[in-house]
2 protein chains.
Amino acid sequence: MSHQSPDAIGPDGAGYLPGLALDAVIFGFHENQLRILLLEYRNTGLFALPGGFIREHEDLNAAARRMLAERTGLSDIYLEQFYVFGDQARYDPEPMRSIMRANGLTPTDNHWLLRRFVSVGYYALVDFTKAVPRPDALSDSCDWYDLNRLPALMQDHQAIVQKALETLRINLDRKLVEWAASLLPDTFTMAELQSLYETILNEKLHRSGFQRKMLSLGVLERIDKKYTGGAHKAPYVYRFVAG
Amino acid sequence: MSHQSPDAIGPDGAGYLPGLALDAVIFGFHENQLRILLLEYRNTGLFALPGGFIREHEDLNAAARRMLAERTGLSDIYLEQFYVFGDQARYDPEPMRSIMRANGLTPTDNHWLLRRFVSVGYYALVDFTKAVPRPDALSDSCDWYDLNRLPALMQDHQAIVQKALETLRINLDRKLVEWAASLLPDTFTMAELQSLYETILNEKLHRSGFQRKMLSLGVLERIDKKYTGGAHKAPYVYRFVAG
DNA sequence: TTCTATTGTAACATTTTGTTACAATAATAA
DNA sequence: TTATTATTGTAACAAAATGTTACAATAGAA
């Protein structure tokens, strides 16, 4: 689970559902790499997934949307639950204690933030070019990190990222159009689309077959040509159209 | 969410995680039909999915296993999370109040069982011939109901069943072997396996192609013939072998 | 012995996927 | 202007997977 401003929440967690949190793996795609948003906590060097809590009169999914909007500035985000992390062993209070101390707080032993949390994992897909990452009240930075070069993460957040990635791979074929529309800019080349596919699957695909398959889906509209400045034929630029 | 003996739990829910529950859609396969386990509450005519709560020092998935063992007598069950139901609107305290009254309890207005719950949905797959359904402390019966002829269910339990079914359909191809091994008896005919497949997908498949595909998976071992008494060729009986 | 329903599998057609090949072309260099 | 280069779009063919039809093999009943 993760964290918001304690003064916004109150010292006893009043107004929020107790023991329940959510963590989000927010994916973006840039320079042919999958990246995720991470928070770095003040004075601690600890990295964590963006997370949040659920208000007493708020739907669970609405809480996730609210938190995502706070972290990215985007209100219309593709997001989905993928797993609930509910092992009791996952909650080690020590990192949270450090973070609170680093923020000038002196947590009591049974401070609500230090108790056990069950956390609902969400993954979100955002257009890298549109998101404006914003740190939360306890963190210095909120930034993109290449999935292949993540820093060490708090608690079980590494496992959460891994599970999110597995979920992406399993569902890619079924969800491709929705996902690509969320992760890519409005227009893109076939090579960019293929690169996204390859990055998620972590394997190379045959160019010819990929193009044939994508075009046969009937969801791509060819717009015009893109002159990249490279010494070669200019690729077409596509956009998704409602199927 | 669902319910256990209130005296086993205590009137204030002490010893259990607050606000968090789990509901299970327990599937069995019998006479070419998918069935699920439902509880019928004493003196109320209300039907509900088996559910439970999480002990303070218990892993979430362990709580699900404990509850499934209590309801079916089986300890080694295939089960998986599929969704968290966290809308605030889902929790209507009225049915629960009826159930408590029908059990001779006089619930206070803010009794913990009447407050909002977020519930983790699990589906489980069991061998119909091995499960021994047992009611919980508040219910009269725990029994199998044909998926096509379910009684009216409490709260949003109908939607939970629907979502579980969708999850089955989406994942059938990927999980077939695990699932069939859980749902079917140790040995079965090709027709039975096909019937299971058809029932989950809710569509007819071609017999020839189905047989070819199943055999090509290399996970079926042909045991011997089954003389059913029917006036026709006797089918082979198969069993799954580790791939 | 004939008949019926069902099974196991072969045979063929169709579709999808994998692979190779090649012409088209945008910039660059000669 | 004319090669040269890297990349693109698509055709062409091969291989594999899937859809469909057909038929011989039976276990029992008539």
Side-chain angles (χ1 to χ4, degrees), chain A residues 31-32 169-177 180 184-185 187-241 243, chain B residues 31-33 169-170 172-177 180 184-185 187-241 243:
Chain A
E31 290 174 346
N32 295 339
R169 284 185 185 139
I170 287 169
N171 293 306
L172 178 60
D173 276 310
R174 206 163 51 85
K175 298 279 201 173
L176 169 73
V177 177
L184 292 175
T187 66
F188 49 87
T189 66
M190 193 59 75
E192 287 165 340
L193 181 58
Q194 183 173 346
S195 167
L196 170 59
Y197 217 109
E198 289 176 342
T199 305
I200 294 178
L201 289 182
N202 199 30
E203 66 181 281
K204 284 281 168 206
L205 301 174
H206 284 271
R207 189 175 61 87
S208 182
F210 183 81
Q211 167 127 340
R212 181 176 46 195
K213 181 155 193 181
M214 288 305 111
L215 292 180
S216 78
L217 292 177
V219 295
L220 292 179
E221 183 189 6
R222 188 174 279 179
I223 312 284
D224 44 29
K225 291 198 162 195
K226 182 181 184 181
Y227 297 87
T228 59
H232 51 75
K233 193 173 176 182
Y236 285 107
V237 164
Y238 297 85
R239 111 177 105 207
F240 285 107
V241 291
Chain B
E31 291 174 346
N32 295 339
Q33 295 288 341
R169 284 187 184 138
I170 288 169
L172 178 59
D173 276 309
R174 207 164 49 86
K175 298 278 201 174
L176 169 75
V177 177
L184 292 176
T187 66
F188 48 87
T189 66
M190 192 59 74
E192 286 165 342
L193 181 58
Q194 182 173 348
S195 167
L196 170 60
Y197 216 109
E198 289 177 340
T199 305
I200 294 178
L201 289 181
N202 198 31
E203 66 181 284
K204 283 283 168 204
L205 301 174
H206 285 272
R207 188 175 61 86
S208 182
F210 184 82
Q211 166 127 341
R212 181 176 46 194
K213 180 154 193 184
M214 288 305 111
L215 292 180
S216 78
L217 291 177
V219 294
L220 292 180
E221 183 189 6
R222 188 174 280 180
I223 312 285
D224 43 28
K225 290 199 164 196
K226 182 181 185 182
Y227 297 87
T228 59
H232 51 73
K233 193 172 175 180
Y236 285 108
V237 164
Y238 297 86
R239 114 175 102 209
F240 285 106
V241 291

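Here is the naming used below: chain letters follow the sequence lines, and residue numbers restart at 1 for every chain. Just so it is clear, the model here is predicted, and its values are computed rather than measured.
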query = Hey, does the side chain of B:Gln194 reach the backbone of B:Gln211 with a donor-acceptor pair shorter than 3.5 angstrom?
reply = no
query = Whole-Å distance between D:dG9 P and A:Leu193 CG?
reply = 12 Å
query = Between C:dG8 atom C1' and B:Leu220 atom CG, what is the distance in whole Å?
reply = 14 Å
Could you run down the sub-3.5 Å N/O contacts of the protein with nucleotides 21-25 of chain D?
{"from": "D:dT21", "atom 1": "O4", "to": "B:Ser208", "atom 2": "OG", "distance (Å)": "3.4"}

task = Please collect all ring pair (Phe, Tyr, Trp, His ring centres under 6.0 Å) contacts where either partner lies in residues 201-236 of chain A, sequence neighbours excluded, each pair once.
result = A:Tyr197-A:Phe210
key: Separation of D:dT18 P from B:Gln211 CD (nearest whole Å)   = 16 Å
task = Examine the base of C:dG18 for any acceptor or donor lying under 3.5 Å from a partner atom in the side chain of A:Arg212, and report the outcome as yes or no.
result = yes
inquiry  = For B:Arg239, give me all partners under side chain to side chain contact (heavy atoms under 4.5 Å, CB included), at least two apart in sequence or on another chain.
reply    = B:Thr187, B:Glu221, B:Ile223
remark   = The nucleotide from D:dG9, D:dT5, D:dG28 with an atom nearest the side chain of B:Ala231 is D:dG28
ask   = Which heavy-atom pair separates B:Leu196 from B:Ala180 by the least distance, and what is that distance?
value = CD2-CA, 3.9 Å
note = Here the distance between atom P of D:dT7 and atom NZ of A:Lys226, to the nearest Å, is 14 Å
ask   = On DNA chain C, nearest-nucleotide positions of A:Gly229 versus B:Thr189: which is more 5'?
value = B:Thr189
Those residues that, when tested against A:Glu31, pass salt bridge (Lys or Arg N to Asp or Glu O under 4.0 Å) (two or more places apart) = A:Arg35
remark   = In whole angstroms, the gap separating P of C:dT7 from CG of B:Asp224 amounts to 16 Å
task = Go through the structure and list residues passing side chain to side chain contact (heavy atoms under 4.5 Å, CB included) with B:Lys233, not counting sequence neighbours.
result = none
message = With a 4.0 Å cutoff (strictly under), does any side-chain N or O of B:Lys225 reach OP1 or OP2 of D:dA27?
response = yes
request  = In whole angstrom, give the distance that lies between atom CZ of A:Phe210 and atom P of C:dT19.
outcome  = 16 Å
request  = Would you mind telling me which of C:dT7, D:dT8, C:dT17 lies closest to the side-chain atoms of A:Lys213?
outcome  = C:dT17
task = Please identify each residue that fulfils salt bridge (Lys or Arg N to Asp or Glu O under 4.0 Å) with A:Lys226, with sequence neighbours left out.
result = A:Glu192
message = Distance check needed: C:dC3 P versus B:His232 NE2, whole Å only.
response = 19 Å
task = Rounded off to whole Å, could you give me the CG-to-C1' distance for the A:Leu217 and C:dT16 pair?
result = 13 Å
